Amino acid sequence: MKLELRNAAFSYEKGKPLLENISLTAYSGEAWAILGKNGIGKTTLLRCLLGFRRWTSGGLYLDGKPADPASAGGRRFWRRAAYVPQAGRQAFPCTVEENVLLGRGAYLGLFGQPGRRDIEAAEKAMAMAGVLGIRGKNCGEISGGQLQMTLIARALASEPELLIMDEPETGLDFRNQLMVLGLIRKLAHERNLLVIFNTHYPEHALDTADRTLLFLENGRALSGPTEEVLTGENMRAAFGVEVVRAEAEYRGKTLVSLIPAGFREEGENG
Ligand code: ADP
């Protein structure tokens with residue numbers, strides 16, 4: 001899959017653009033992170049991408065052809081794409097397995113009973129997300145990490161080529177963060193999915209995302225290889241803070257951290 005945003009723009013109110021000229025080109029096998037300060041439009045970008053909101057101009061192209069998930073032909077998009085919402089604290093009056101089977105919705109008729117093929121796909125997805133062992137548990141009784149993994153399994157049950165995730169590791173402890181990030185890498189690099197996720201953590205982008213879209217001020221964004229995008233200068237422009245870069249070696253791998261060190265001096269631009 002080749003996913004492009006071409007000069008995509010969006011505003012909630014006429015004359016007050018929120019997103020302007022957003023462009024990116026992403027391919028199967030890549031993990032993409034979206035970073036930017038609170039209220040800059042990250043969730044809105046995902047909503048537009050999924051067709052919950054309409055672009056004001058420009059928009060989405062899949063494999064070179066215009067795609068509109070909100071149109072009558074949107075079912076085609078949803079056969080290829082899946083969305084993982086923020087886990088939050090909703091109550092789910094169903095088991096893990098039932099929840100994951102909901103991900104087969106695009107394949108079931110209205111009130112259709114899941115067949116053998118659906119159960120197999122759900123089992124494969126639960127195994128991938130590490131929740132097969134708790135398939136019979138009630139979603140109201142599992143931990144936040146297990147719930148997040150269940151929501152990922154639900155998305156994977158539809159066997160998507162494109163996985164869009166809204167802050168998948170927010171609110172999780174260290175161990176669960178590593179599990180979610182490891183799964184993102186595996187899905188992109190071993191299963192050839194295109195994975196796009198919003199995150200507040202530059203370390204997670206540096207560790208997991210091949211490419212990053214970073215929102216700057218005024219509705220504009222930069223995109224490219226994560227290391228090239230998440231520079232001190234760009235972080236300063238995006239978040240209004242000075243960052244210090246720290247590196248550590250772990251099992252032959254270099255871990256990079258960007259530590260927020262202080263506020264950008266008043267009067268400085270970008
Ligand atoms: P982020 O995810 O980066 O924190 P959002 O995309 O949620 O940002 O919001 C971007 C901006 O759009 C915010 O200023 C927010 O108040 C505004 N906004 C979000 N949803 C709506 C809406 N339904 N109507 C009008 N403004 C909205």
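In what follows, residues are counted from 1 in the order of the sequence shown. Indexing begins at 1, ligand by ligand and atom by atom, following the structure's order. Bear in mind that the values here come from a model prediction, so they are computed numbers and not experimental data.
For Arg185, the CZ atom is densely surrounded, since the number of other residues' heavy atoms within 6.0 Å is greater than 12.
Between the side chain of Lys42 and the main chain of Ile34, no donor-acceptor pair closer than 3.5 Å is present.
Using a 30° and 60° split on the angle between ring planes, Phe52 and Tyr83 fall in the perpendicular class, above 60°.
For Arg117, the salt bridge (Lys or Arg N to Asp or Glu O under 4.0 Å) partners two or more places apart in sequence, or in a different chain, are Glu159.
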Inventory of protein N or O atoms under 3.5 Å from ligand 1 N or O:
{"unit_1": "ligand 1", "atom_1": "2 (O)", "unit_2": "Thr43", "atom_2": "N", "d": "2.9"}
{"unit_1": "ligand 1", "atom_1": "2 (O)", "unit_2": "Thr43", "atom_2": "OG1", "d": "2.7"}
{"unit_1": "ligand 1", "atom_1": "3 (O)", "unit_2": "Ile40", "atom_2": "N", "d": "3.2"}
{"unit_1": "ligand 1", "atom_1": "3 (O)", "unit_2": "Gly41", "atom_2": "N", "d": "2.9"}
{"unit_1": "ligand 1", "atom_1": "3 (O)", "unit_2": "Lys42", "atom_2": "N", "d": "2.9"}
{"unit_1": "ligand 1", "atom_1": "3 (O)", "unit_2": "Lys42", "atom_2": "NZ", "d": "2.9"}
{"unit_1": "ligand 1", "atom_1": "4 (O)", "unit_2": "Gly39", "atom_2": "N", "d": "2.7"}
{"unit_1": "ligand 1", "atom_1": "6 (O)", "unit_2": "Thr44", "atom_2": "N", "d": "2.9"}
{"unit_1": "ligand 1", "atom_1": "6 (O)", "unit_2": "Thr44", "atom_2": "OG1", "d": "2.5"}
{"unit_1": "ligand 1", "atom_1": "8 (O)", "unit_2": "Gly41", "atom_2": "N", "d": "3.2"}
{"unit_1": "ligand 1", "atom_1": "20 (N)", "unit_2": "Tyr12", "atom_2": "OH", "d": "3.3"}
{"unit_1": "ligand 1", "atom_1": "23 (N)", "unit_2": "Arg53", "atom_2": "NH2", "d": "3.3"}

Is there a side chain to side chain donor-acceptor pair (under 3.5 Å) between Thr199 and Glu169 once you walk through the steps?
CA-CA 8 Å; Thr199 180; Glu169 79 297 35; 2.5 Å; yes

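Remark: Arg6 qualifies as a cation-pi partner of Tyr61 under the 6.0 Å distance and 45° angle criteria applied to the six-membered ring.
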